[in-house]
There are 2 protein chains.
Amino acid sequence: MVSYVLNGRMDLKIAPATRERVLAAARSLDYRVSHSARALRLGRTNTFGFYTGGALPDVADTFYRKVVGGLQQGCHRHGRDLLLHHACAEADVEAVFASLTDGRVDGLIVLDVFDEALVGRLAASSTPVVSLVNALPGMPAVVADDEGGERLMLDHLVSRGVRTLCVHRAGERGNSVARREAAFIAAAEARGVPWRACPTRTVEPSDLGWLAARDFEPPAVFVTWMDVFAYTFIAACARLGLRVPEDIGVVGFDDLPRPDAPLVRLTTLHAPWEQVGLTAIDALVTLHDGGQVAPLTVLPVSLVAGETA
Amino acid sequence: MVSYVLNGRMDLKIAPATRERVLAAARSLDYRVSHSARALRLGRTNTFGFYTGGALPDVADTFYRKVVGGLQQGCHRHGRDLLLHHACAEADVEAVFASLTDGRVDGLIVLDVFDEALVGRLAASSTPVVSLVNALPGMPAVVADDEGGERLMLDHLVSRGVRTLCVHRAGERGNSVARREAAFIAAAEARGVPWRACPTRTVEPSDLGWLAARDFEPPAVFVTWMDVFAYTFIAACARLGLRVPEDIGVVGFDDLPRPDAPLVRLTTLHAPWEQVGLTAIDALVTLHDGGQVAPLTVLPVSLVAGETA
DNA sequence: GTGAAAGCGCTAACAG
DNA sequence: CTGTTAGCGCTTTCAC
């Protein structure tokens with residue numbers, strides 16, 4: 001059995017002479033396995049796919065790398081390959097769905113799929129799908145404990161004697177950022193700590209009027225839901241001549257490494273994004289093998305007490 | 001011809017009634033094409049692969065996104081899919097080579113493949129391969145004009161009356177960073193402008209002695225080969241109490257957008273990384289169709305006069 | 001222990 | 001214009 005030899009299988013007894021004969025022939029013919037043929041025959045590809053809706057904004061890069069790193073590690077542990085599907089902005093839902101479920105991969109990890117029709121198709125398909133970071137209807141998800149993290153953050157800020165909570169209103173809905181915001185506000189209200197909304201979408205002067213006017217009572221902290229936004233805020237403060245944290249503090253979420261050395265160590269929440277990716281692959285393997293997985297897996301988040309609040 | 005109908009081919013005349021019959025059957029059976037079967041039959045996958053050696057460091061994220069964006073756009077234009085291969089650090093060269101050439105993709109774009117054995121195998125394989133950013137022996141490459149860019153930069157600095165050129169010695173060899181460094185130094189010497197080497201590998205105090213001691217005569221500029229390093233340098237200057245560009249200027253290369261708003265607009269060289277990716281795909285398509293491509297394609301770089309030098 | 005052969009789903013060529 | 005069929009390269013079952 002040529003196939004047995006080439007795959008290095010030891011479960012069948014093959015005469016050493018025969019084995020060597022096969023190997024020699026393969027070498028001389030410059031034999032290369034055909035992935036397509038094997039996949040067709042086996043009905044599986046030993047490959048998992050990663051699909052993220054639309055183009056990832058540049059700001060998400062480091063986060064993305066963390067997640068993909070976890071996926072890679074998980075795939076490696078289970079002897080699977082990882083295929084990074086590329087979102088095609090112009091393609092319609094059916095085309096994207098077709099290309100995701102054409103048998104190229106045995107299962108799918110999805111992130112930031114906001115198209116409800118696509119989510120529905122994927123949830124109903126026979127391909128196992130696991131959602132990352134955000135829970136999606138109809139499929140298991142692996143997420144960070146956004147709510148628990150924000151409660152930790154509120155406790156931290158209260159213990160530091162903060163007087164004014166300037167809460168970032170990003171205007172997002174139904175995703176992890178929105179959950180963080182809701183959880184923080186709920187915690188503040190439960191503790192009776194006053195807060196105010198700061199609709200600082202960008203660092204444009206029009207959005208930073210409250211900051212430029214120093215329209216807050218120190219000690220104040222600006223509470224954001226992503227590190228990258230906290231860093232942007234720090235840059236804006238520097239431009240406006242405000243010191244962090246003396247004039248106003250700032251906190252984030254993610255605890256992602258920065259490409260350039262930041263001027264300060266940010267006070268933030270550490271979310272285990274690699275672990276999220278790794279856990280999602282574990283779930284996908286279980287699903288692919290016909291097992292059951294929890295509809296929602298929540299991974300813990302911890303406080304990183306830095307210098308900014 | 002069921003196949004003709006399902007593929008929406010109009011070159012063969014099919015009776016509308018038959019066409020509709022086929023389509024109805026496909027719908028009722030929830031028919032889905034099999035990528036593997038089609039690939040096996042056709043001997044092609046309409047997919048190009050992107051492979052980058054080892055894990056990409058976090059600092060390269062934005063650059064990576066730019067390049068991949070260009071690849072994606074190019075693939076889309078040519079109706080190809082893009083498969084992002086994942087480097088598996090533990091796997092040996094033969095295993096990586098086998099997985100890259102198992103017929104999963106019709107051609108390969110490679111970036112930062114430093115293993116010479118792997119380069120040799122790929123160059124000798126029947127799979128078309130195009131190298132990006134760096135030229136590699138035995139395969140066509142698409143690169144930015146590192147040398148021309150650095151000449152532009154030298155001219156700019158000279159015209160601004162710089163007196164001391166502190167040149168970053170990154171210690172890299174044989175890649176685009178090394179080419180930039182060599183070209184800048186050659187241009188400086190050709191113009192008779194003095195320069196000195198500054199082995200600032202990191203922002204550790206031990207590497208920044210010359211900067212902390214202000215061991216340079218203003219107006220001085222620190223010349224680096226990547227934006228990310230220039231930003232790191234700016235952060236170090238801030239920590240040491242030096243102003244940029246008053247005390248010392250700094251310039252970079254890449255002109256990549258920053259996730260957070262930078263405090264200053266960096267003086268740098270704009271390299272068209274998306275265009276590099278796009279051009280590489282064009283070349284790969286030509287190669288795959290049996291055509292010839294130039295061994296080296298050099299894309300122009302332009303000066304971005306910012307506020308830091 | 002080893003060789004032969006069926007068949008995965010698809011496309012293209014060919015006969016009707 | 002339409003139905004049938006060979007065969008892509010692989011794995012696995014079945015005779016030998």
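Hydrogens, waters and symmetry mates are skipped; everything else that's a heavy atom, side chains included, is used. In what follows, chains carry the letters A, B, and so on, assigned in the order in which the sequence lines appear, proteins first and then strands, with residues in each chain numbered from 1.
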- Message: Applying a 4.0 Å non-hydrogen cut-off, can you work out what A:R19 is touching in the nucleic acid: base, sugar-phosphate, or nothing?
- Response: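 Result for A:R19 = nothing.
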Side chains of residues 95-106 of chain A: which donor-acceptor pairs under 3.5 Å do they make with residues two or more places apart or in other chains?
residue : atom : partner : partner atom : Å
A:S99   : OG   : A:V96   : O            : 3.4
A:T101  : OG1  : A:F97   : O            : 2.7
A:D102  : OD1  : A:R104  : N            : 3.1
A:D102  : OD2  : A:R104  : NH2          : 3.2
A:R104  : NH1  : B:T47   : OG1          : 3.0
A:R104  : NH2  : B:D81   : OD2          : 3.1
A:D106  : OD1  : A:T45   : N            : 2.8
A:D106  : OD1  : A:T45   : OG1          : 3.2
A:D106  : OD2  : A:T45   : N            : 3.2
A:D106  : OD2  : A:N46   : N            : 2.7

For atom [atom1] of [X] and atom [atom2] of [N], their distance in whole Å:
| X | N | atom1 | atom2 | value |
| --- | --- | --- | --- | --- |
| B:R104 | D:dC10 | CZ | C1' | 15 Å |
| A:Y4 | D:dC14 | OH | P | 11 Å |
| A:R44 | D:dT11 | CZ | C1' | 13 Å |

Solution key, residues 15-23 of chain B side-chain donor-acceptor pairs under 3.5 Å, sequence neighbours excluded:
residue : atom : partner : partner atom : Å
B:R19   : NH2  : B:R9    : O            : 3.4
B:E20   : OE2  : B:R27   : NH2          : 3.1

- Item | B:T18, nearest nucleotide to its side chain (from D:dT13, D:dC1, C:dG7) |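 Selected nucleotide: D:dC1.
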- Query: B:D146: what forms a side chain to side chain donor-acceptor pair (under 3.5 Å) with it, not counting sequence neighbours?
  - Reply: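 Once residues adjacent in sequence are excluded, the partners of B:D146 under the side chain to side chain donor-acceptor pair (under 3.5 Å) criterion are B:R179, B:R180.
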- Query: How do B:I14 and B:L42 order along DNA chain D: which one's closest nucleotide is nearer the 5' end?
  - Reply: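 Going by which nucleotide is closer to the 5' end, it is B:I14.
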- Item | Single hit among B:L122, B:V130, B:V119 for side-chain contact (heavy atoms from CB on, under 4.5 Å) with B:L136 |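 Only one of B:L122, B:V130, B:V119 forms a side-chain contact (heavy atoms from CB on, under 4.5 Å) with B:L136, namely B:V119.
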- Item | Contact residues, residues 21-40 of chain A to DNA chain C [heavy atom, < 4.0 Å] |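 When residues 21-40 of chain A is checked for heavy atoms under 4.0 Å from DNA chain C, the hits, listed by number, are A:R21, A:L40.
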- Message: Less than 4.0 angstrom between a side-chain N/O of B:R41 and OP1 or OP2 of C:dC8, yes or no?
- Response: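 No.
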- Query: So which pairs with a foot in residues 119-132 of chain A pass salt bridge (charged side-chain N to carboxylate O under 4.0 Å, His left out), sequence neighbours left out?
  - Reply: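 Counting only pairs at least two positions apart or across chains, the salt bridge (charged side-chain N to carboxylate O under 4.0 Å, His left out) contacts touching residues 119-132 of chain A are A:E94-A:R121.
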Using a 3.5 Å cut-off and no angle test, enumerate the donor-acceptor pairs between side-chain atoms of residues 274-287 of chain A and protein atoms at least two apart in sequence or in another chain.
residue : atom : partner : partner atom : Å
A:E274  : OE2  : A:K66   : NZ           : 2.9
A:T279  : OG1  : A:Q275  : O            : 2.6
A:D282  : OD1  : A:H78   : NE2          : 2.7
A:T286  : OG1  : A:D282  : O            : 3.0

